[in-house]
> 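Before we start, here is the structure in question, set down as structure tokens.
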Amino acid sequence: MTESIRRSGEYENHENPYQGAPQHASAPVNPEWPPPPAYQPAAPGPVESRQSAEAGAMWQTPAQPGGAWNTAPAGDGNGGTALPPPVAAEPAPLPPRRRARRGPMALLAAVAIVAAAIGGGTAYGIQELTGKDEVVASSTTTSVVPSSKTGDVASIAAAVSPSVVEIQATLGSGSSTGSGVIITSDGEILTNNHVIAGASSIKVQTSDGKEYTAKVVGTDSKKDLALIKLENASGLKTATLGNSDGVKVGDTVVAIGSPEGLTGTVTSGIVSALDRDVTVSTDESQGRQQQQQGGGWPFESGGQEFNGDTGSSTTTYKALQTDASLNPGNSGGALVDANGNIIGINSAMYSAADATSSTAGSVGLGFAIPINTVKADLATLRAGGSDS
């Protein structure tokens with residue numbers, strides 16, 4: 001048994017739209033019926049249009065102006081002609097969703113954020129994205145020798161030797177022989193202060209045998225460094241200054257200089273230790289006296305004195321220790337890494353003044369001023385040095 005359910009009050013104020021409605025199956029259709037609604041119907045939304053299309057059989061007309069609406073099926077079931085349902089308006093197409101642009105600028109911003117977090121190398125990625133040839137600072141050292149020749153002593157010597165010179169300093173009581181490293185093509189040369197201190201004149205010989213006169217630009221006795229400049233020089237082969245902070249114990253190194261006046265001497269070894277405290281004399285007369293007695297420049301390290309007494313006027317600096325053979329005359333020369341970069345300026349070495357012919361020779365105890373210390377002092381040297 002099927003029950004018809006009517007909500008309470010559903011027809012209390014309205015007529016039953018089907019009650020007493022006469023059926024005229026064959027009555028002609030009044031073209032002006034139904035009258036237009038009193039207001040323009042709103043365009044159906046997507047959901048309403050779909051429901052209207054699915055139902056399709058229902059339409060509404062008002063029973064009389066201002067009266068109730070009649071609802072009737074599309075067909076009256078008695079062969080009569082029914083009015084077609086109003087055609088549903090096509091729903092307005094939804095505007096296309098705008099996707100977030102991820103072009104080069106958006107990607108560039110993302111790369112920039114990463115670059116800020118991780119630093120260096122990422123700048124190359126930004127350059128590739130923008131296509132701009134921007135100069136990017138690099139924290140890595142360059143390779144002077146081909147990568148296939150890294151650590152090859154012959155290749156390192158061939159690449160760096162033209163940048164190392166022999167220095168002859170004329171003193172009031174004799175002469176001093178040392179070495180130097182060319183850092184500009186017009187003849188700026190780094191060396192030790194004790195090589196040129198007190199000199200009345202300075203002569204420099206390059207690896208190709210050319211001789212120049214040099215003048216002192218600046219000295220720093222506290223770091224045992226000096227900068228000299230050749231007169232009328234140009235087109236010289238310059239050395240590449242590396243990064244001594246990256247040096248490790250056991251790294252291969254090559255020493256180039258002019259021990260005992262033997263220009264362009266090359267020796268090799270390893271880095272034996274880092275941050276050795278080396279104490280040298282700042283008293284020129286004290287150092288000269290010891291050097292003229294046959295030994296090298298006097299220094300102290302590890303509580304021991306080498307090459308004589310350093311005297312009372314001294315200075316101490318941190319040095320790289322190497323077992324590459326160094327002898328008097330190597331002072332101011334180059335200590336070079338496996339890539340051909342200068343990582344130190346050779347400054348002190350043990351030399352046995354009383355050695356006989358059977359015991360003479362390097363004992364593999366040498367020291368170099370780290371190149372980062374030199375680079376930090378370069379502006380001061382060019383301005384005249386701390387001793388001026």
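Scope of the values below: all heavy atoms of this structure, side chains included, with no hydrogens, waters or symmetry mates.
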> Any chance you could measure Thr219, atom OG1, to Ile196, atom CD1, to the nearest 0.5 Å?
6.0 Å

> Spell out, as yes or no, whether a donor-acceptor pair under 3.5 Å connects the side chain of Thr150 to the backbone of Ser147.
yes

> Establish whether Leu236 and Val144 are linked, either directly or via other cluster members, by ILVMFWY side-chain heavy-atom contacts under 4.5 Å.
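No, because Leu236 and Val144 fall into different hydrophobic clusters, even though each may have its own neighbours under 4.5 Å.
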
> Tell me yes or no: between the side chains of Thr279 and Thr316, is some donor less than 3.5 Å from an acceptor?
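Side chains of Thr279 and Thr316: pair found under 3.5 Å.
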
> Give me the other members of the hydrophobic cluster that Leu262 sits in, counting Ile, Leu, Val, Met, Phe, Trp and Tyr linked by side-chain heavy atoms under 4.5 Å, directly or via other members.
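Under the 4.5 Å side-chain rule, Leu262 groups with nothing.
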
> Please say whether more than 12 non-hydrogen atoms of neighbouring residues, nucleotides or ligands are located less than 6.0 Å from CG in Asn232.
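Result for CG/Asn232: open.
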
> Would you say that Ile369 contacts Tyr317 through its side chain, given a criterion of any heavy-atom pair below 4.5 Å between the two side chains?
yes

> Do Ser163 side-chain atoms and Lys237 backbone N/O form a donor-acceptor pair below 3.5 Å?
yes

> Quick check: closest heavy atoms across Ile167 and Ser179, and the distance to 0.1 Å?
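Taking Ile167 first and Ser179 second, the nearest heavy atoms are CD1-O, 3.4 Å.
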
> Are any non-hydrogen side-chain atoms of Leu171 and Ser176 less than 4.5 angstrom apart?
yes

> If you round to the nearest 0.5 Å, how far is OG of Ser325 from CG of Asp323?
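Those atoms lie 7.5 Å apart.
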
> Backbone N or O of Asn341 within a donor-acceptor pair of the Asn339 side chain at under 3.5 Å?
no

> Verify the distance criterion only: is there a donor paired with an acceptor across the side chains of Asn346 and Asn330 at less than 3.5 Å?
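Asn330 and Asn346 do not have a side-chain donor-acceptor pair below 3.5 Å.
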
> Taking all heavy atoms of Ala348 and all of Val278, pick out the closest pair and write down the distance.
CB-CG1, 4.4 Å

> Could you measure the distance from the OG1 atom of Thr314 to the CD atom of Glu300? Nearest 0.5 Å is fine.
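With rounding to 0.5 Å, OG1 (Thr314) is 6.5 Å from CD (Glu300).
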
> Could you give the distance from OG1 (Thr265) to CD (Glu166), rounded to the nearest 0.5 Å?
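Going from OG1 on Thr265 over to CD on Glu166, the span is 9.0 Å.
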
> Are there more than 12 heavy atoms of other residues, nucleotides or ligands under 6.0 Å from atom NZ of Lys375?
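Result for NZ/Lys375: enclosed.
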
> At their closest point, which heavy atom of Ala324 faces which heavy atom of Gly269, and how far apart are they?
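Here Ala324 and Gly269 meet closest at CB-N, 3.9 Å.
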
> Using a 3.5 Å cut-off and no angle test, enumerate the donor-acceptor pairs between side-chain atoms of residues 222-230 and protein atoms at least two apart in sequence or in another chain.
from	atom 1	to	atom 2	distance (Å)
Asp224	OD1	Asn193	N	3.2
Asp224	OD1	His194	N	3.0
Asp224	OD1	His194	ND1	3.3
Asp224	OD2	His194	ND1	2.8

> When rounded to the nearest 0.5 angstrom, what distance separates CD1 in Ile183 from CD1 in Ile189?
9.0 Å

> Is there a donor-acceptor pair closer than 3.5 Å between any side-chain N or O of Thr238 and the backbone N or O of Ser185?
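No: the side chain of Thr238 does not pair with the backbone of Ser185.
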
> Does any part of the side chain of Thr191, heavy atoms only, come nearer than 4.5 Å to the side chain of Ile345, both counted from C-beta?
no

> How close do Val195 and Ala169 get, counting heavy atoms only, and between which atoms?
O-CB, 3.5 Å

> Minimum heavy-atom separation for Asp251 to Gly246, with atom names?
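Heavy atoms only, the tightest pair is OD2-O, 4.2 Å.
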
> Running the 4.5 Å side-chain criterion over Ile, Leu, Val, Met, Phe, Trp and Tyr, what cluster does Val253 land in, apart from itself?
Val247, Val249, Val271, Leu274, Leu320, Leu335, Ile343

> Does Phe306 reach the side chain of Leu365, with side-chain heavy atoms less than 4.5 Å apart?
yes

> Using side-chain contact (heavy atoms from CB on, under 4.5 Å), reason through Val204 and Glu211 one step at a time and then give a plain yes or no.
CA-CA 6 Å; Val204 173; Glu211 292 187 353; over 6 Å; no

> Ignoring hydrogens, what is the shortest heavy-atom contact between Ser207 and Ser161? Give both atom names and the distance.
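Residues Ser207 and Ser161, closest heavy atoms: CB-O, 3.7 Å.
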
> Would you compute the distance between atom CD1 of Ile342 and atom CG of Leu190 and round it to the nearest 0.5 angstrom?
9.5 Å

> In terms of relative ring orientation, are Phe299 and Phe367 parallel, tilted or perpendicular, with 30° and 60° separating the classes?
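Perpendicular, since the angle between the ring planes exceeds 60°.
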
> Same cluster or not: are Val363 and Ile270 linked, directly or through other Ile, Leu, Val, Met, Phe, Trp or Tyr residues, by side-chain heavy atoms under 4.5 angstrom apart?
no

> Go through the steps for Ser313 and Thr282 under the test side chain to side chain donor-acceptor pair (under 3.5 Å), then give the verdict.
CA-CA 6 Å; Ser313 180; Thr282 57; 2.4 Å; yes

